[in-house]
Q: 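Got a structure for you, written out below as structure tokens; questions coming shortly.
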Amino acid sequence: MKYSSIAGTGAYLPERVMANKDFEAMVDTSDEWIRERTGIKRRHIAAEDQTTSDMALEAALKALQMAGVSKEDIDLIIVATTTPDKVFPSTACIVQRRLGVSGFAAFDVHAACAGFIYALDVANRFIKTGGASCVLVIGAETYSRIINWKDRSTCVLFGDGAGAIVLKAADKPGVMSTHIHADGRHEDSLHVPAGISSGYDLVQREEAFIHMKGNEVFRAAVGVLDAIARETLSINGVQPGDIDWLIPHQANLRIISAAAKKLDLPMDRVVVTVDQHANTSSASIPLALDVAVRDGRVQRGDLLLFEAFGAGFTWGSALVRY
Ligand code: UT7
């Protein structure tokens, strides 16, 4: 039986930082409201000519360097993104070309804010079944391109960035289990109405932006994340107290705190980056992981619980021995 294990992590954040105060001149909001309701203080915004693959590539190079793995060793690239550079080819193919390698499979996974967990689930299955042995798993997003900058209820919530891991075959886990779910009945709660087959004309009518019923999403996220955390722990025979670090999707500090409280985990065992990065969708978990690995909080042997919730609705979790 093969297992998979995280060999290295990497991240990239664009240079430009937007503070909450910067929104006060644009929409009817305040630094105080954003901090209190979301925990967000600032976010990074991509430069005009910067794309998702630019950020994905930077994060991937750092992960490869930390893992001590050469790009020739990679045999699969999976990019989780809902903001690809192009309709096609996939961002994963673009990253592959820009790394200067070819031949092996590369594809994108589209599961909104749960995208990284979905990609990790797929990568883990590839490794366990012998289909791959060294996978670059990337979450990368340029949400600034689908933000309605006139809508105060969404524009303050998101940021851009990328995170990556190198997932390698190992004799012991590593990834102990992954769990992914979806409930497509909630399409209207969180969506970007414009799409290729829905017609490009929608793009001209502000339909190419995020539409969210924030309250509905909030309530669903809190309930579902608790259920999936319990599912994950129980399948592995693990108690909440055994978790060294909860590394959740970073959408709202209140959602994160509620998840930790329900598990009886103190906040000093939760990695929080939403204050610095805002919601970077599928990039948020690998970004948070990389921050905590590089600042020394996450150590080899630690037990990590990842959990995420997003449009679809989609949600997922993973228990990982780092
Ligand atoms: O990552 C994918 C999943 N996404 C999420 O998990 C996001 C989940 N949702 C949330 O995080 C929260 O629901 C929000 C942060 C989006 C909103 O917080 P809330 O506490 O649920 O506020 P609300 O939507 O109930 O709005 C409360 C009030 C409203 O005013 P009225 O109707 O009470 O007069 C809003 O219009 O706050 C108003 N409001 C704002 N005020 C100042 C909404 N956005 C803003 C704003 N600044 N930016």
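Atoms within each ligand, like the ligands themselves, are counted from 1 in listed order.
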Q: Answer yes or no for atom 31 (P) of ligand 1: protein heavy atom present at a distance under 4.0 Å?
A: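 Under the 4.0 Å cut-off, atom 31 (P) of ligand 1 has no protein heavy-atom neighbours at all.
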Q: Tell me which one of Thr52, Thr82, Thr154 satisfies side chain to side chain donor-acceptor pair (under 3.5 Å) with Tyr143.
A: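 When Thr52, Thr82, Thr154 are each tested with Tyr143, the side chain to side chain donor-acceptor pair (under 3.5 Å) holds only for Thr82.
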Q: As a check for students: among Phe158, Tyr143, Trp33, Phe218, identify the option with a heavy atom nearest to atom 39 (N) of ligand 1.
A: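 Looking at heavy atoms only, the winner is Trp33.
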Q: Say whether Leu287 and Val17 are linked into one hydrophobic cluster, either directly or through other cluster members, by side-chain heavy-atom distances under 4.5 angstrom.
A: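 Different clusters: Leu287 never reaches Val17 through Ile, Leu, Val, Met, Phe, Trp or Tyr contacts under 4.5 Å.
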Q: Only heavy atoms of Cys113, strictly under 4.0 Å: list the atoms of ligand 1 that pass.
A: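 Close to Cys113: 1 (O), 2 (C).
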Q: Would you give the length of the straight line joining atom CG of Asn279 to atom CD1 of Ile40, rounded to the nearest 0.5 angstrom?
A: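 Answer for the CG-CD1 pair, Asn279 versus Ile40, is 7.0 Å.
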Q: Shared ILVMFWY cluster between Ile228 and Leu120, side chains joined below 4.5 angstrom?
A: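 In one cluster with Ile228: Leu120, no.
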Q: Compute the shortest N/O to N/O distance between Ser30 and ligand 1 and return yes if it is under 3.5 Å, no if not.
A: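 Such a contact does not occur with ligand 1.
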Q: Just which atoms of ligand 1 are under 4.0 Å from any heavy atom in Ala251?
A: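 Listed by number with element: 1 (O), 5 (C), 6 (O).
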Q: Considering only protein heavy atoms, which is closest to atom 24 (O) of ligand 1, and at what distance to one decimal place?
A: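 Looking only at protein heavy atoms, the one closest to atom 24 (O) of ligand 1 is Asn215 ND2, 3.8 Å.
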Q: Nearest protein heavy atom to atom 2 (C) of ligand 1: under 4.0 Å?
A: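 Given the 4.0 Å limit, the answer for atom 2 (C) of ligand 1 is yes, a protein heavy atom qualifies.
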Q: Looking at ligand 1, does Ser153 have a heavy atom less than 4.0 Å from it?
A: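 A heavy atom of Ser153 does come that close to ligand 1.
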Q: Consider every N or O of Arg37 and every N or O of ligand 1, then say whether any pair is closer than 3.5 Å.
A: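 Between Arg37 and ligand 1 (N or O atoms, distance only) the closest approach is under 3.5 Å.
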Q: Go through it in stages, so that I can follow the logic: the residues are Glu32 and Ser30, the test is side-chain hydrogen bond (donor to acceptor under 3.5 Å, both in side chains), and I'd like the CA-CA distance, side-chain angles, deciding distance and then a yes or no.
A: CA-CA 5 Å; Glu32 193 189 3; Ser30 65; 4.9 Å; no
Q: Got the closest protein heavy atom to atom 18 (O) of ligand 1, with its distance?
A: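 Minimum-distance protein heavy atom for atom 18 (O) of ligand 1 reads Arg254 NH2, 3.5 Å.
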Q: Please test Ser317 against His179 for side-chain hydrogen bond (donor to acceptor under 3.5 Å, both in side chains), starting from the C-alpha separation and ending with a verdict.
A: CA-CA 5 Å; Ser317 64; His179 309 264; 4.7 Å; no
Q: CG/Asp121 to CD1/Ile180 distance, rounded to the nearest 0.5 angstrom?
A: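 Result: 4.0 Å between the selected atoms.
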Q: Using heavy atoms and a 4.0 Å limit, tell me yes or no: is Ile34 in contact with ligand 1?
A: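 No heavy atom of Ile34 comes that close to ligand 1.
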Q: Closest non-hydrogen protein atom to atom 4 (N) of ligand 1, residue and atom name please, with distance?
A: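 Protein heavy atom with the smallest distance to atom 4 (N) of ligand 1: Val217 CG1, 3.6 Å.
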Q: Among protein heavy atoms, which sits nearest to atom 14 (C) of ligand 1, and what does the distance come to when rounded to 0.1 Å?
A: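 So the nearest neighbour among protein heavy atoms is Asn252 ND2, 4.4 Å.
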Q: Taking non-hydrogen atoms only, is Phe309 closer than 4.0 angstrom to ligand 1 via side chain, backbone, both or neither?
A: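 Near ligand 1, Phe309 shows its backbone, while the atoms from C-beta on stay back.
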Q: What do the steps show when you test Met212 against Leu157 for side chain to side chain contact (heavy atoms under 4.5 Å, CB included), and what is the final call?
A: CA-CA 11 Å; Met212 178 165 70; Leu157 303 176; 3.3 Å; yes
Q: Any idea which part of Ala221 is under 4.0 Å from ligand 1, heavy-atom wise: side chain, backbone, both or neither?
A: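 No part of Ala221 comes within reach of ligand 1.
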Q: What is the distance from atom CG of Asn215 to atom OG of Ser189, rounded to the nearest 0.5 Å?
A: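 Result: 11.0 Å between the selected atoms.
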Q: Looking at CD1 of Ile285 and CD1 of Ile117, how far apart are the two atoms once the value is rounded to the nearest 0.5 Å?
A: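 Rounded to the nearest 0.5 Å, the CD1-CD1 separation comes to 4.0 Å.
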Q: Could you check which of Val222, Asn20, Thr29, Leu190 puts a non-hydrogen atom nearest to atom 46 (C) of ligand 1?
A: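 Selected option, by shortest heavy-atom distance: Thr29.
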Q: Taking Asp54 first and then Arg98, would you say they form a salt bridge - that is, a charged N and a carboxylate O separated by under 4.0 Å?
A: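 Yes, Asp54 and Arg98 are salt-bridged.
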Q: Polar-atom distance check: Gly310 versus ligand 1, any N or O pair below 3.5 Å?
A: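 No: no nitrogen or oxygen of Gly310 is under 3.5 Å from one in ligand 1.
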Q: Return yes when at least one protein heavy atom is under 4.0 Å from atom 44 (N) of ligand 1, and no when none is.
A: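 Given the 4.0 Å limit, the answer for atom 44 (N) of ligand 1 is yes, a protein heavy atom qualifies.
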Q: Check each of Thr142, Asp85, Thr81 against Ser53 using the side chain to side chain donor-acceptor pair (under 3.5 Å) test, and report the only one that passes.
A: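 For Ser53, the side chain to side chain donor-acceptor pair (under 3.5 Å) test succeeds with only one of Thr142, Asp85, Thr81, which is Asp85.
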Q: How does Val156 reach ligand 1, if at all, at less than 4.0 Å between non-hydrogen atoms: by side chain, backbone, both, or neither?
A: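 Answer for Val156: side chain.
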Q: Note the single closest protein heavy atom to atom 9 (N) of ligand 1, along with its residue, its atom name and the distance in Å.
A: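 It is Gly214 O, 3.1 Å.
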Q: Nearest non-hydrogen atom to atom 35 (C) of ligand 1 belongs to which of Arg152, Glu24, His249?
A: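 When every heavy atom of Arg152, Glu24, His249 is considered, Arg152 comes closest to atom 35 (C) of ligand 1.
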Q: Say whether, by atom type as modelled, one donor and one acceptor occur between the side chain of Arg42 and the main chain of Met18 under 3.5 angstrom.
A: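 No, because the side chain of Arg42 does not come within donor-acceptor range (under 3.5 Å) of the backbone of Met18.
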Q: Measure from atom 16 (C) of ligand 1 to every heavy atom in Ile40, Leu157, Leu253 and give the option owning the shortest one.
A: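 Of the listed residues, Leu157 has the closest heavy atom.
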Q: Check the orientation of Phe23 and Trp149. Use parallel for under 30°, tilted for 30 to 60°, and perpendicular for over 60°.
A: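 Ring orientation of Phe23 relative to Trp149: parallel.
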Q: Does Thr154 approach ligand 1 within less than 4.0 angstrom via side chain, backbone, both or neither, non-hydrogen atoms only?
A: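 It is neither part, as no heavy atom is under 4.0 Å.
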Q: Going by the atom numbers of ligand 1, which of them fall below 4.0 Å from some non-hydrogen atom of Thr38?
A: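 That gives atoms 15 (C) of ligand 1.
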